There are 2 protein chains.
Amino acid sequence: MSKPTIRDVAKVAGVSQGTASRVINQLPVKPALKARVDSAISTLGYTPNALAQSMRLKYTRTIGIMIRDFSVPAFVNFVKVAQNILSEAGYVLLLAASEDRPEREAEVLNAFASRADGLILTTNAARENSVEKTRSNLSLPVIMLDREPADRQDAILIAHREGMHDALNYLFGLGHKRIALITGNASARPARERILGYREAHAEHGVEIDDALIRTRNFSKEYAFAETTALLGSGNRPTAIVVGGVAMLPGVLRAIKTCNLRIPEDISLIGGTDPDLSELVEPPVTAIQVDYHAIGVEAAQLLLERLNNRIDPSPRIIKFDSKLVIRKSCAPPSSTRSAETELRSLRRSSDT
Amino acid sequence: MSKPTIRDVAKVAGVSQGTASRVINQLPVKPALKARVDSAISTLGYTPNALAQSMRLKYTRTIGIMIRDFSVPAFVNFVKVAQNILSEAGYVLLLAASEDRPEREAEVLNAFASRADGLILTTNAARENSVEKTRSNLSLPVIMLDREPADRQDAILIAHREGMHDALNYLFGLGHKRIALITGNASARPARERILGYREAHAEHGVEIDDALIRTRNFSKEYAFAETTALLGSGNRPTAIVVGGVAMLPGVLRAIKTCNLRIPEDISLIGGTDPDLSELVEPPVTAIQVDYHAIGVEAAQLLLERLNNRIDPSPRIIKFDSKLVIRKSCAPPSSTRSAETELRSLRRSSDT
DNA sequence: ATGAAAGCGCTAACAC
DNA sequence: GTGTTAGCGCTTTCAT
C-alpha cells in the first residue's frame with residue numbers, strides 16, 4: 001500500500017497521465033475530465049511526489065540555511081524575517097545546524113546541494129579543505145553569513161572589528177587597562193576580527209596587551225563560563241570583560257555570580273547580543289548590538305535576486321555596523337579593588 | 001555548464017554507467033577500471049545527485065522536525081540531542097518553523113512528505129482540517145511532540161496539567177487566591193492541559209476562578225508582555241502570575257519591570273522553562289521545569305526504531321513529568337499590598 | 001566483473 | 001484539448 005502516483009490517478013480517472021498532470025498544474029482541461037481527475041485525486045489521497053517534481057523541473061522551491069547552532073537568540077530574528085520574505089516568494093525554508101563540526105558541515109552541504117535552490121550559510125569550512133571543496137562545488141547561489149568568502153561570492157559581513165574597537169574605547173575611557181576578551185575560535189572571521197579590533201584599540205591607547213586576557217576557543221556558553229571563572233580566579237584579575245559572541249552571555253553571568261562578584265563595582269562587563277537577557281538582568285548589560293533583523297532582510301532579498309538572475313553576477317559584499325548600547329554594567333575600575341573584593345567575597349561566602 | 005552526472009563520469013572514464021555507479025557505491029570493481037572512474041570523478045568534480053538517488057532508492061536518509069518557533073530556548077536542547085542521535089545513525093536533520101500558521105504547516109508537511117524518511121512534529125493541525133488531512137496522509141513514521149495524536153500514532157506528551165496543578169498547590173499554600181495564568185492558544189494541547197490543571201487545583205482548594213485572570217491566546221513573548229501589563233494595570237490585580245509557555249518569560253519580566261513592581265514582594269511569579277534567564281535574573285524565578293534533553297533522546301530513539309521496523313506497530317504514547325523548581329520569586333501575598341505598591345510605584349517613577 | 005536497459009514519478013514536447 | 005512518450009540522474013536487475 002504505497003503512495004498513489006499520478007499514473008494511479010490517471011488510471012482511476014480514465015484519462016492519460018498527461019491530462020492528470022495538467023489538472024494538477026492548473027492548465028486548461030475540459031471540465032468533465034477535470035472533475036473525474038479531481039475526484040480520483042481525492043479518493044486516492046494523491047499528493048505529488050516533490051522529489052520527482054524537482055528532478056524533472058530542476059528546481060525545488062526550497063532554501064537551505066545552515067547555522068552553527070540554534071541556541072543563538074540573535075539568529076532567531078534573522079531566521080524569522082528571512083523566512084517571511086522567502087515564504088512570500090514561494091520558497092520553503094529548511095534549517096540545519098552544523099554544530100561547528102566539519103564533518104557535519106559537509107553532510108549538510110551535501111544534503112542541501114540537490115535539495116535546495118539557494119543557500120544562506122555560516123561555515124567554518126575555510127579551515128577544512130574537504131568542506132571548502134564541497135562548498136565551492138555547489139552550483140547554486142550561496143550567501144555567506146559573517147564569513148569572508150573564499151572565492152567570488154556574495155557575503156554579508158558584520159563589522160566586528162569596529163564594534164570591538166568601540167567597546168574598548170569606551171572601557172579605556174572609563175580608565176580600564178586590564179580588559180579580557182572572551183570569544184570563539186579565531187579561525188573563523190567573527191573572532192578573528194574582534195581580536196583585531198581589540199589589538200588596534202590597545203595600540204591606539206598605548207596599552208600593552210596581556211595575552212593571558214584573550215580567551216578564544218569556541219562560542220558556547222559552557223566555554224564562556226569556564227574562561228570567565230578562570231579569569232576571575234587568577235591572581236591578576238581583569239577589571240573588565242568583553243564578550244565577543246552571541247550566545248556566551250549566560251555563561252559569563254553565571255561565572256560572575258558564582259564568584260560572588262558585583263557588576264560593575266567589581267568587574268565591568270560588555271556582553272554579546274542577547275536582547276532579552278542583557279536587558280532583564282540586574283544591572284542591565286552594556287552590549288555590542290547588531291541589527292539581525294536588517295541582516296535577515298538583506299540576506300533573503302539578495303538571495304531572491306540571485307535566484308531570479310536579476311542582478312549582475314559580480315559578488316556583493318554587504319557590511320553591517322554594530323552599535324555599542326550603553327546600559328549599566330560598566331564603571332571605572334576601583335583602584336583599591338583587589339583587596340576590597342577579596343574581603344567582600346570572603347564575607348559573602350561565609351554567610352551562605 | 002551544469003553539474004556533471006554519472007553519465008559524464010562513465011563517458012570520461014570509458015566505462016558503462018553501471019560500473020561508475022558500482023565504484024561510487026563501493027561495490028567490487030576491477031582496480032584498473034576503478035582508478036579510471038575515480039580520476040574522472042575528481043577531474044569533473046562529480047557529486048551524486050541526492051534527488052535522483054532518493055527517487056530510485058525510496059529513502060532519503062533525512063529526518064524532518066517541524067516546530068512552532070525557533071525562539072524557544074527549551075527546544076534547543078531537544079534538537080541538539082536528537083540531532084546527535086540521528087546523525088550517529090546516518091541521518092541528516094532538517095528543521096522548519098511553522099510560525100503557528102496553518103498554511104505554513106501544510107507547506108512544510110508537504111515539503112517533508114517526500115524529502116524525509118521520518119518526522120518529529122509539533123502541529124496545531126487539529127484545528128485545521130486541511131492541515132490534518134495533509135498530516136494523516138503522510139506515509140512515513142511521525143512522532144508527535146506534545147500534541148494529542150488524532151489517530152493511532154506515536155506521541156511524546158508533557159504532563160502540563162500535573163505541572164500546573166503542582167504550581168498552583170504551591171501558590172495556594174503560600175496563601176494566594178488571585179492567581180493569573182498566561183499561556184498560549186487553548187486549541188492546542190499544552191495550553192488546554194494547563195488550563196485543566198489550573199481549574200482542578202482551584203476546585204480542590206475551593207477557590208473560585210475569576211476568568212479575567214486566564215489569558216490565553218498565543219505563546220509569544222510579545223503577547224506575554226501585553227497580557228502581563230494589562231493584568232498588572234487592572235484595578236483588581238492578581239497576587240501571583242503563572243506563565244504557561246516556554247518562551248514567554250522575557251515578556252512577563254519586562255512588563256513587571258515596566259510597572260515598577262517587585263518580585264516577590266508585589267507579585268509572585270512562576271515562569272515557564274528558560275534555564276538561563278530564570279536563573280540569572282534577580283530574584284531567580286521559580287519554574288515548572290521539563291527535561292527536554294530526555295525528551296529529545298526518547299523522540300529520536302523512538303523514531304529510529306520505527307524506521308528500522310524494530311518495534312511492534314501499535315502506537316507508543318510516552319509521557320514526561322515536569323518538576324516545580326522552587327527559587328525565589330514567590331512569597332505570601334501581602335494583605336496591605338494594594339495601597340503599598342501604589343505608593344512605591346509613585347515614588348519610583350518620580351525619581352527617574 | 002561488466003555492459004545494456006528498465007524504471008523510480010513527474011512534466012513537457014509532440015502529434016493528433 | 002488530449003494521448004503518447006522521452007527523459008531528469010540514478011541504481012539494479014539481467015545477460016554476457
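Letters A, B, ... mirror the listed sequences (proteins, then strands); counts begin at 1. As the structure is a prediction and not an experimental result, all values here were calculated from the model. Values below: every heavy atom of this structure, side chains too, minus hydrogens, waters and symmetry copies.
Distance B:M55 CE to C:dT11 P: 11 Å, rounded to the nearest Å. One can place NZ of A:K11 at 13 Å from P of D:dT4, the figure rounded to the nearest angstrom.
The distance from the CG atom of A:L145 to the CZ atom of A:R189 is 10.5 Å, given to the nearest 0.5 Å. With rounding to the nearest 0.5 angstrom, the CD1 atom of A:I67 is 10.0 Å from the CD atom of A:E99. With rounding to the nearest 0.5 Å, the separation of CG in B:D154 from CD1 in B:I317 is 7.5 Å.
Nucleic acid contact class of B:S21 (heavy atoms, under 4.0 Å, all strands): base. Contact annotation for B:L33: backbone-only contact, meaning every heavy-atom pair under 4.0 Å involves sugar-phosphate atoms and none involves a base. B:Y46 comes within contact range of the sugar-phosphate backbone alone, with a heavy-atom separation under 4.0 Å but no base atom that close. Using a 4.0 Å heavy-atom criterion, one finds that A:I24 contacts no nucleic acid atom at all.
Closest to the side chain of B:T19, from the set D:dG9, C:dT2, D:dG1, is C:dT2. Side-chain atoms of A:L57 lie closest to C:dT11 of the nucleotides C:dC10, D:dG1, C:dT11. In the set C:dC10, C:dT2, C:dA12, C:dC10 carries the atom at the smallest distance from any side-chain atom of A:I6. Here the nucleotide nearest the side chain of A:Q53, chosen from C:dT11, C:dC8, C:dG3, is C:dT11.
Considering only side-chain N and O atoms, A:N49 lies nowhere under 4.0 angstrom from the phosphate OP1 or OP2 of C:dC8. Contact annotation: B:S16 reaches the phosphate of C:dG3 (side-chain N/O to OP1 or OP2, under 4.0 Å). For D:dG9, the OP1/OP2 oxygens have a side-chain nitrogen or oxygen of A:K58 closer than 4.0 Å.
Taking the six-membered ring where tryptophan is involved, the planes of B:F70 and A:F70 are essentially parallel, since the angle between them stays under 30° and well short of 60°.
Where B:G14 and B:Q17 each meet DNA chain C at their nearest nucleotide, the meeting point lying more 5' is that of B:G14.
For the residue pair A:Q53 / A:R61, no side-chain donor-acceptor distance below 3.5 Å is found, with atom types taken as modelled.
Evaluation of atom-type donor-acceptor distances gives a pair under 3.5 Å for the side chain of A:R22 against the base of D:dG3.
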